[in-house]
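Naming: A, B, ... by sequence-line order, numbering from 1 per chain.
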Amino acid sequence: MTAPPITELIDAGTVQGIADEVWVAMLGEDEFLVPLPAELPTETVSAWVSVSGPWNGAVVLTCAPATAEELTRFVLQAHPPELLENGDVTDAFGELANVLGGNVKSLLPGPSKLGLPEVGTTPSAGSPVDTCRVDAVWRGHPLSITVQGAAAPVHPERNEVPL
Amino acid sequence: MKILVADDSSVMRKIVIRTLRQAGFDDHDVVEAENGRDAYDKVGSEKPDLVLSDWNMPEMTGIECLQALRNSGSQVPFGFVTSEGSAEMREKAADAGALFLIAKPFNADSFADALDGILA
């Protein structure tokens, strides 16, 4: 069974609501995402988890590398001058995407599988009608959260966690 | 009491341990495991009184760890802390013998609600 495009399954307000909860719980009770469209910088980094099932795609968090580092400091409550350890940014940034993705997945038709978090260059998106995007600003830093259909077929055997 | 925290994310293990303290469970020993296989092994070697486990992990998932523990005869109290809190996941967790499932994102109240009565 194939699900309809993501825009028929979830809206930006719902994704924003999930992100608001994640931000308060993982970054701090005074941390908010302001839903303002702001242009992302030229250099960005993304964290994402794939979803495969009736709907195939990924939940992707994208921002500047420096913003990913700042997000990590808040997740770890390791504000300057404490140094981050190797792998902390990949781990914390990926975990933000993982929690966003898990909550989005729970609203999509099932059964579906969630992949493990990945961090790197923003993955290619499929059709614009199969993309739900939230642009927001956190502490002056622009970022985006997209729930985007897969550009190519997702391979279920690569998902490590059967439901 | 001793609590085993299993998550492939070192950052998430730190958050879970921090939240345990915020929820008032700050006088327990904590042991960490980085996947389900490691958790399974440490249940044998560390003999924890409670396992708090992620679901989605490489090597061995949380649910596979729980099933392996029960198949081996271990009845260690086991709860999930996972980003997926759908009714389907909760039912599967309960069927396998989990006491609770705390969905991420969580806060100290989520931990207190789930753990009061389990941790003295």
Just by distance, do the side chain of [X] and the backbone of [Y] share a donor-acceptor pair under 3.5 Å?
X       : Y       : value
B:Lys42 : B:Glu32 : yes
B:Arg37 : B:Met60 : no
A:Asp91 : B:Ser10 : yes

message: With chain A as the partner, which of B:Arg18, B:Lys104, B:Met12 has the greatest number of non-hydrogen pairs under 4.5 Å?
response: B:Arg18
message: Taking the basic N atoms (NZ, or NE/NH1/NH2) and the acidic carboxylate oxygens, is any pair closer than 4.0 Å for A:Glu70 and A:Arg139?
response: no
message: Among A:Gly101, A:Gly102, A:Gly87, A:Gly94, which residue has the highest count of heavy-atom pairs closer than 4.5 Å to chain B?
response: A:Gly102
- prompt: Taking the inter-plane angle between the rings of A:Trp23 and A:Trp138 on a 0 to 90° scale, is it parallel (under 30°), tilted (30 to 60°) or perpendicular (over 60°)?
  reply: perpendicular
- request: Give me the contact list for residues 5-21 of chain A versus chain B, heavy atoms only, anything under 4.5 Å, ordered by residue number.
  value: A:Glu21
message: If only side-chain N and O atoms count, and only distance matters, is there a donor-acceptor pair under 3.5 Å linking B:Ser86 with A:Ser106?
response: no
- prompt: So do A:Thr122 and A:Trp48 actually touch side chain to side chain, heavy atoms under 4.5 Å?
  reply: no
